[in-house]
Amino acid sequence: MSGLDGIFGLIGVGCGLYCLYGYYMLRFKGEIIQSLFLPKNTNMKKCRDLKGYSSEAQMPALVLGIIVLVYGAVDLYNTYVHGVAAGLLAVMIILVFAAVIFFSLKIKKINKKYFDI
């Protein structure tokens with residue numbers, strides 16, 4: 001084993017937890033995590049309807065968070081516990097890419113609707 005074994009698993013778990021944190025903040029606190037949902041120089045005060053934005057952006061964040069977290073867990077399991085089938089890893093990578101595309105397209109549409117960006 002080299003020093004970088006499992007790095008993608010750790011990144012996956014971290015990113016998945018961050019997306020789930022963004023979901024939690026939207027769902028229960030009504031706050032937008034700017035680094036996850038909005039472009040860099042967006043003024044958050046220009047949101048037309050914070051409740052509407054929160055309700056629409058929750059599902060993409062939840063889906064991305066769960067899929068990336070599961071990918072990270074599978075990769076860490078594969079690296080440190082017991083090898084898994086290469087097909088499972090390939091399916092997980094495809095699911096991650098699909099979830100990222102889904103998240104990006106949905107958040108772009110929602111941002112256009114509520115922020116005009």
Side-chain angles (χ1 to χ4, degrees):
M1 277 195 225
S2 69
L4 294 178
D5 287 347
I7 190 74
F8 291 112
L10 290 173
I11 291 170
V13 168
C15 290
L17 290 174
Y18 188 65
C19 290
L20 292 176
Y21 172 70
Y23 165 78
Y24 170 80
M25 293 301 285
L26 282 174
R27 170 96 185 191
F28 298 107
K29 304 284 185 178
E31 296 178 20
I32 301 170
I33 304 297
Q34 187 167 1
S35 61
L36 182 61
F37 295 103
L38 297 170
K40 190 173 187 176
N41 295 320
T42 303
N43 185 357
M44 302 225 328
K45 294 179 182 178
K46 291 186 177 183
C47 183
R48 292 187 186 128
D49 178 19
L50 184 60
K51 282 189 175 230
Y53 185 93
S54 293
S55 67
E56 287 189 41
Q58 288 175 20
M59 188 55 64
L62 181 63
V63 169
L64 181 63
I66 289 172
I67 290 174
V68 173
L69 182 65
V70 169
Y71 162 75
V74 167
D75 187 62
L76 288 174
Y77 180 82
N78 180 53
T79 302
Y80 294 113
V81 179
H82 182 59
V84 297
L88 176 62
L89 287 175
V91 167
M92 290 304 302
I93 290 171
I94 291 169
L95 281 175
V96 167
F97 281 124
V100 167
I101 291 169
F102 168 74
F103 178 81
S104 300
L105 293 175
K106 290 295 284 185
I107 293 301
K108 183 177 180 181
K109 181 180 174 186
I110 294 167
N111 285 343
K112 183 161 181 64
K113 181 177 179 181
Y114 290 101
F115 284 95
D116 260 347
I117 52 174

Under the criterion side-chain contact (heavy atoms from CB on, under 4.5 Å), which of Asn43, Ile110, Leu38 is the partner of Phe115?
->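 Exactly one candidate clears the test, Leu38.
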Pairwise side-chain contact, Phe103 with Leu36, heavy-atom cut-off 4.5 Å (strictly under) =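 Side-chain contact under 4.5 Å: yes.
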Side chain to side chain, Tyr23 and Leu64, heavy atoms closer than 4.5 Å =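 Answer no - side chains too far apart.
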Work out which heavy atom in [X] is nearest to a heavy atom in [Y]; give both atom names and the distance.
X: Ser54; Y: Leu26; answer: OG-CD2, 3.6 Å
X: Val68; Y: Val96; answer: CG2-CG1, 4.3 Å
X: Val13; Y: Ala73; answer: CG2-N, 3.8 Å
X: Cys19; Y: Gly65; answer: CB-CA, 3.5 Å
X: Gly6; Y: Asp75; answer: CA-OD2, 4.1 Å
X: Arg48; Y: Lys113; answer: NH1-O, 2.5 Å

Gap between atom CG of Asp5 and atom CG of Leu76 - 0.5 Å precision | 10.5 Å
In Å and rounded to the nearest 0.5 Å, what is the CG to OH distance from Leu62 to Tyr24?
->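 These two atoms lie 14.5 Å from each other.
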If you count every heavy atom of other residues, nucleotides or ligands that lies below 6.0 Å from [X] atom [atom1], does the total exceed 12?
X: Met59; atom1: CE; value: no
X: Phe8; atom1: CZ; value: no
X: Tyr18; atom1: OH; value: yes

For the pair Phe37 and Tyr53, name the ring-plane relationship: parallel under 30°, tilted 30 to 60°, perpendicular over 60°.
-> perpendicular
Gln34 side chain to Thr42 backbone, donor-acceptor under 3.5 Å = yes
Check: Gly52 main-chain N/O paired with Ser55 side-chain donor or acceptor under 3.5 Å =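 Flag set: sc Ser55 to bb Gly52 pair under 3.5 Å.
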What about [X] and [Y], same hydrophobic cluster or not, with Ile/Leu/Val/Met/Phe/Trp/Tyr joined at side-chain heavy-atom distances under 4.5 Å?
X: Phe28; Y: Ile33; result: yes
X: Leu105; Y: Ile107; result: no
X: Tyr77; Y: Ile7; result: yes
X: Leu69; Y: Phe97; result: yes
X: Ile11; Y: Leu95; result: yes

Step-by-step side chain to side chain contact (heavy atoms under 4.5 Å, CB included) determination, Ile32 to Leu50 | CA-CA 9 Å; Ile32 301 170; Leu50 184 60; 3.5 Å; yes
Salt-bridge contact Asp116-Lys46 (side-chain N to carboxylate O under 4.0 Å) | no
